[in-house]
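All remarks here apply to the structure that follows.
A note on names: the letters A, B, ... follow the listed sequences, proteins ahead of strands, and every chain is numbered from 1.
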2 protein chains.
Amino acid sequence: MNVRIDDTDRKILAELQRDASQSLDDIARQVGSSKTPVWNRIRKLREAGVIGQQTVMLDAEALGFEACFFVLIRTSEHEAEWQRKFLKALQDRPEVQEAHRLAGDIDYILKVRVRNARAYDAFYQALISEVRVHNVTALLSMEEIKSTVALPL
Amino acid sequence: MNVRIDDTDRKILAELQRDASQSLDDIARQVGSSKTPVWNRIRKLREAGVIGQQTVMLDAEALGFEACFFVLIRTSEHEAEWQRKFLKALQDRPEVQEAHRLAGDIDYILKVRVRNARAYDAFYQALISEVRVHNVTALLSMEEIKSTVALPL
DNA sequence: CGTGAAAGTCGTTGCCC
DNA sequence: GGGCAACGACTTTCACG
C-alpha cells in the first residue's frame, strides 16, 4: 500500500486538490510535463488509493444546513461490543461529517451538520438512545472562519 | 444570492457530491432527465455559488500527514483588531483545515492536520506568538472514524 | 520515460418542441 | 423548461523515439 511519491506527483496532487476539473494539458503545463506521463502518474496514485473520491464543495447555508455542532463525548464504556455499536451509529447517520477517536479524557469528537438546532436535538436524542455515553458537550459554531480539505503539500 | 432549488437540483447535487467525475449523461440518467437541462442546472448552481470548488480527497496518512489535532481556544480579547489578526493568522496557515467561531465559553475550535506532533508544536508556538490567547486545549485524534464533506440532501 | 497521433467519449452550444 | 444533434475539446490508448 506504500507508494513512492516524488516532487512531480506532489505538484500534480496539489493541482488536483485546487481544481479537479482542469484538463490533463493544463495540469501537465503547470507541473512542467505533458499529458501521458501525468496521466500515468494519476492512474498509479488512484490505484494506490492516494487519490480518492472526486467531489464538489457545496454551500451548506444556501442548502439550508445552517447549524454546525462539534460534539465532545466522554464514555465509561470501552468494550469492543459497545464501540462497534457506536461506530455503526455514527457511520449510519449522514449528519455526522466527521468522527474521531481521541487520546486523553475526551473520548470522541464529532462534527455534525444539521438544518437547525431542533435537528441537532433529534440527532442527539437518537444517538444517546442507541448507545450509552457518559458525558456529552455540544459546541455550536457561530461562524465558519475557514474550511478546506486541502493538504499543505 | 438566493436560489430556488427543486428536487431535481437536489438529486444532481447529491450525484455530484458522490462522484464529480461522472459524465453528464450518467447524471442525467440517474436524475431522470437528459444532458442539456442537467448542464443548465449545474451552470446556474455554479453561478449562484451553491456548487463551489471541485476537488479530490487525498489519503492524508499516505502523504505523511499522520497527526490531526482539534484545538479549543479561549481568549479574553474580543476587540475587532485582535480578531482580524487572529483570522488572518488562521487563513495564512495551511495546516489549519477548519476554523469556527463558537457560542459558549470556548471561543474557537480549529482542526489542524500536520505531519507529526513536533509540527503541531511548531504551529502552536507560532500561533501564540502572533496573537494572545487565554487558554488552549489540544485534542489529539487517534483514529479517523468517519470523514466526509457530503451534505445529507 | 516522454512524445505524437488515433480513437472514442464527453462537455458545450444552438435549435426545435 | 426539456430533448436532439452537431461540433470541438478532452480523455485514454498505443506505437514509436
Per atom distances to the A/P37 side chain, the nearest of D/dT12, C/dC10, C/dG2 is C/dG2

Value for CG (A/D6) from CZ (A/R41), rounded to nearest 0.5 Å, stands at 4.5 Å

OP1, OP2 of C/dC1 versus side-chain N and O of A/R41: anything below 4.0 Å? no

Test side-chain contact (heavy atoms from CB on, under 4.5 Å) on B/V133 and B/L127 and set out the steps. CA-CA 9 Å; B/V133 291; B/L127 184 68; 5.7 Å; no

Is the number of heavy atoms from other residues, nucleotides or ligands within 6.0 Å of CZ (A/R43) greater than 12? yes

Using side-chain contact (heavy atoms from CB on, under 4.5 Å), reason through A/R84 and A/E81 one step at a time and then give a plain yes or no. CA-CA 5 Å; A/R84 199 196 52 74; A/E81 173 60 12; 3.3 Å; yes

Write down the distance between CD1 (B/I5) and P (D/dG1), rounded to a whole number of angstrom. 15 Å

For A/R132, is the CZ atom crowded, meaning more than 12 foreign heavy atoms sit under 6.0 Å from it? no

Give the rounded distance in Å between these two atoms: CD1 of A/I42 and P of D/dC10. 15 Å

Closest-nucleotide 5' rank along DNA chain D - winner of A/D26 and A/T36: A/D26

Is there a side-chain polar atom (N or O) of B/K35 under 4.0 Å from OP1 or OP2 of C/dG14? no

Which is it for B/E98 and B/K111 under the salt bridge (Lys or Arg N to Asp or Glu O under 4.0 Å) test, yes or no, and what are the steps along the way? CA-CA 5 Å; B/E98 295 217 24; B/K111 182 187 172 193; 5.3 Å; no

A/L24 CG to D/dA9 P, in whole Å, measures 16 Å

To the nearest Å, how far apart are A/D9 CG and C/dC1 P? 11 Å

In whole angstrom, what separates A/R29's CZ from C/dG2's C1'? 17 Å

Check the distance between C/dG11's C1' and B/L16's CG and give it to me in whole angstrom. 14 Å

For DNA chain D, stems built from three or more consecutive Watson-Crick or G-U wobble pairs below 3.5 Å: C:3-10 with D:8-15, C:12-17 with D:1-6

Roughly, in whole Å, what's the span from CZ in A/R43 to P in D/dT12? 11 Å

Does the ring centre of A/F86 sit less than 6.0 Å away from the ring centre of A/Y108? yes

Can a side chain N or O of B/S33 be found less than 4.0 Å away from OP1 or OP2 on D/dG3? yes

Establish, with yes or no, whether the OP1 or OP2 oxygen of C/dT12 is under 4.0 angstrom from a side-chain nitrogen or oxygen of B/W39. yes

Atom CG of A/D25 and atom C1' of C/dT3: how far apart are they, to the nearest Å? 13 Å

